[in-house]
Amino acid sequence: MTTTNKTVIAPARDEAAGSTPQLKALLERSGTVVLPLVAVAVFLGLWQALSAAGLTGTLPGPLQVVQDVQPLIVGFFNNSENDVGVAWQLAASLQRVAIGYSLAAVVGVAVGILMGSMRPFQLALDPIFQVLRTIPPLAWLPIALAALSQANPSAIFVIFITAVWPIIINTAVGVRSTPQDYRNVASVLKLSKPTYFFEILLPSAASYIFTGLRIAVGLAWLAIVAAEMLTGGVGIGFFIWDSYNSSRMADIILAVLCVGVVGFVLDRTIYYAGRLLVASE
Amino acid sequence: MIQPFLELSYISKAFPTPKGPFVALKDVALKIRKGEFVALLGHSGCGKSTLLNIVAGLSQASAGGVILEGKETDQPGPDRMVVFQNYALLPWLTAYENVFLAVRSTMPGAPESERRSVAERYLALVGLAAKADKRPGEISGGQKQRVSIARALATRPKVLLLDEPFGALDALTREEMQEEVLKIWEADRTTVLMVTHEIDEAILMADRIVMMTNGPAATIGEVFEVPFARPRSRAEILEDPAYYTLRNRILAFLYDRFGEPVLAD
Amino acid sequence: MAFLEVQNAGKTFTARDGSLYEALKNVNLQIQQGEFVSIIGHSGCGKSTLLNLIAGLGLVTAGRVVVDGVAVSGPGPDRMVAFQNHSLLPWLTVRQNIALAVKAVHKQLDETARGRIVEEHLEMVNLRAAADKKPGQISGGMRQRVGIARALATRPKVLLLDEPFGALDALTRGRLQEQLLKIWEAHRLTVVMVTHDVEEALLLSDRIVMMSNGPAANVAEVMSVELPRPRTRMEVINNPHYYRQRNELLYFLNKAKKAAQGGPAKARPAATERCDLERTALAVGFVPLSDCAPLVIAQEKGFFARHGLQVTLSREPSWKAILEGLVEERLDAAQIVAPMAFAGMLGGAGVPLVASLDLTRNGNAVTLHRRYWDQGVRDREGFARLIKAGGEERRPVLGVVHRSSMHNLLLRDWLAGVGIDPERDVDLVVIPPPQMVANLQAGNIDGYCTGEPWNARAVHEGLGFVPATSLDLWSGHLEKVLGVREAWAAAHPKTHLALVGALIEACRYAADPAHREEVIRLVCAKQYVNADPAYAAMGLSGTYDRGFGAPERLEDFNRFDGWSANPTERLWILTQLARWGMVAFPTRWRTAVERVWRDEPAREACAQLGLAVPPEPVYRPLTLPGGDILDPDDPTGFIERFAIRQSDRTLNAV
């Protein structure tokens, strides 16, 4: 019932027979660490068993992978001409993402605010954007290559065009949903336009903007790997493609793991930045 | 006769709907003296908040208007400050910054130090000097309400508009806040128009209680003078025979005359 | 055994970290079949927990809950809960929601019988028109009605309501309360409702259970609602009991709130203890009436301070609150109505009190409604003629301030003196003094007996007239005394003596005609009686306007002087309490009176102050205004001579 649910106190009869509540509490807390580890172990075990039984084609088992990637790990930060380490591959990709994403953020927030606060812009642009945002990132690549005729700017453009939609749309929604209360405060106080923009509009939309930025960074990272596979040069996407062509399966697995970790870190970074900057009610 | 300080002159308000206009308020006429505390009492949905918004200038009357000190006014402005039902504090600003934002925009010419001292003084007035650096999310509902009142008072409005100011508080905090606001009001006697549906709140705080009939086409049904001397206290009012008479007349208005159970809804 | 019994029930919760929290302890409650009981209390007092124990949604950790002879061991359809958030299934229509519950509970019935039950309950809450709508399409109030209909349709033995209207606006709440009232009055289900709305509880309930604060909350008090059924809101608020009971509930909640905020609500300043007194900081209670003058003077003129006491005067809303304050040890002492000194014998809380100083005499008056004046009534004889003639719509309703007050005893004696039986010819209701005038004005009561300024106010506002003052009832009657707990007097003999000494001086000061203006000014002050001197002075000033045209000189209307000339007047109180069946007359009455009335503190204080020491009490025959004589050697004979009195049963009980 409502009132009892509000308390953190569990009814006494919930005590399982024999186990003290302290023990239960300990189990519950350690579960968040132990159980994922168990899941990973089971997965690796299964993979190893399947690979030992010869059911995974050319994909090596986990033990094999660990053995094969030793040189790569050793040379993680290598930076010679024909043996560029994984770290530098990642750095090259991140750099492209950084440029494309920053552009997307600036343009996206600006256009979003415009659309959110002025209805004509909203009416004019929204249908167009709704169509454009459904286009898969790689479909833009040929257009970009044709227009920019260079691989690197084209890849950046793909990042930009992928990341910009969620930012625009979320910003516009955020601006539009500024609570009427705050608008009332502003009008009763007769706040000046700049004060209204910086003190009320922007902070109020901030949580929406950060949601957009977070979605965008995930998409951008997805897009860069795919784009680099096509454009070549230095970059983690090309590294994976190159490894496949050279049948270095273990390398691919390591690179994919790295892509996952970096993607996760990017996502968390934006999340914490948002938490830091957006005041919670 | 002396010019009323604030006059609601035959205000009507209709909202367009697909089925034709919905008349929320009809011919609401009320004259309020300077320094008077008037409570608008009625059931929810009787349009009292709509009326308050029209006085604040946040909403426009379909007919009639608001006259403040002899001048018609239909735009919002800091001379009619609103304390909103759900406080409407900016969550990204601290308590002090919320008050300061109001001071800054209503005292544009004043030196920074003076503005700061005004903001600090009003925050202290509501007993929140110690919480100046807390954000709204870090303080209780009652404290948020105090910040909201400090913000309103700091602009030194001619009229203070309270929109169910204690509606979101639990019963105990509500009583405390009523007493506190009353104390503040008794000290500076700003003209107040308060919307409420709590009978005892209106009796405790107001000089006059304006009873709204139920909508649609709500209007003023009756006006009760509250005869208790100030400063008031809850306990003293309970000792006054006039309290019981007044309260029963209000209840009779609310439940007998305008509260016939509409069984089919 | 009652239909629903909570027997010594306790509930202890275990927190995640293993610590225990005892929410309820030793809760006892008996509920009869067909009774409507509400539970109120400060938030967090465990009232919802108690409801859950009855519902079986939580189980007791001590004691037990028995419904219809069966101990509760889990939830069941015999105890239906209508939840605060009405918990309807959003994808089913109103009818389907009710049908689902009916199907689950009445498995033995066939389809058509179940359908009938559903339709019947839809009709009951007037929701036929909305039967095919989904919960999302109807208003909150309607959803709540569906919730109640669903609960009722399962035909539970007990209906449990947890703040059923808490989330609704005032108007909808009011309408639903009235609807629930109608349904309940038609079907007489057993209902237990948790609420925080005092007026809702009064409107609906037979009894209201007040819970003390947690942890280890239990039942602090149970109030029987004295409002006749069938009820309607407007009738209820115009019943003379209504505001007294409402204020008692509010007073209880307020006390609980203060207790929750910071320990017990003791208004006691910290003080350096004077070495020869057991205690110097005292809380002394009074009811704001003109004759609280001795306490006001003792405070304002520094008599308390001169005797080394630091007194906080605590203004109490009613005599009930005064008695509670003494019993609960919130107050050290209080000015009490004289018969209240026998509280230890009167049942109820039953804590023995001691009356250690007679503070005031006279000071009361009877007010009757102006209507009687128009009908030619000027005195009690005229009132009696009017009653005997019949033709009145109802029996006259008269207010008294407390059952064990001089007002009650004097008014009864005054009426009985002209053949009006106070038990049969009129209705006597207990109403705190401040509510008298409002009730008279609203026509809820037709008259009352109380102190000033409440008679003066009625006269002043043209609402009534005063056919009799204390001087007509019994000139010089004992009125207010200083009351303390017997145990307190035993534990604080020196403080007690200082208190009595200060008040003796204050009484002498107040009795001096030269101080009249000052006394009026002080008594009318905001922190004391808080009244316009225009009426508060009536009586105190020696002038009294009975509403007969011109004010009269009544020098003795308020008296603050004089010792008991004849202690038999104390016995008189006891005979009257027995006459009206409030106590059994004790065979060893002298022991009973002397246990309560103590003369030694006053004698000792007078000796210390160099004043004339009052004489040793000697019980002599007492001649009463009507000419009756109370012979201390034959009090039962005195009681038996009354033609109008309560049954004989009480006379021989002890």
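- Annotation: maximal heavy-atom pairing with chain A below 4.5 Å, among B:Ala102, B:Gly57, B:Pro108, B:Pro157, occurs at B:Ala102.
- Among the residues in residues 119-131 of chain B, none has a non-hydrogen atom closer than 4.5 angstrom to a non-hydrogen atom of chain A.
- Proximity to chain B (any heavy atom under 4.5 Å) is shown, for A:Ser192, by neither the backbone nor the side chain.
- No donor-acceptor distance shorter than 3.5 angstrom exists from the side chain of A:Lys190 to the backbone of B:Ser105, with no hydrogens or angles considered.
- Other residues, nucleotides and ligands contribute only 12 or fewer heavy atoms inside 6.0 Å of the CZ atom of A:Phe121.
- Note that CZ of A:Arg183 and CG of B:Leu58 are 12.5 Å apart. Values are rounded to the nearest 0.5 Å.
- Between B:Arg151 and A:Val185 there is a side-chain heavy-atom pair separated by less than 4.5 Å.
- A pairwise comparison of heavy atoms in B:Leu90 and A:Glu199 identifies CD1-O, 4.0 Å as the closest pair.
- Only the side chain of B:Arg104 comes within contact range of chain A, judged by heavy atoms closer than 4.5 Å.
- Minimum interatomic distance between B:Arg80 and A:Val188 (heavy atoms only, all atoms of both residues): O-CG1, 3.6 Å.
- The backbone N or O of A:Ala206 sits nowhere less than 3.5 Å from a side-chain atom of B:Trp92 that would complete a donor-acceptor pair.
- B:Leu101 contributes atom CG, which lies 6.0 Å from atom CD1 of A:Ile200 (distance to the nearest 0.5 angstrom).
- Note that OG1 of B:Thr106 and CG of A:Leu189 are 7.0 Å apart. Values are rounded to the nearest 0.5 Å.
- More than 12 heavy atoms of other residues, nucleotides or ligands lie within 6.0 Å of CZ in B:Phe22, so this atom counts as buried by the packing criterion.
- For B:Pro76 against A:Ser187, the heavy-atom pair with the smallest separation is CB-O, 3.5 Å.
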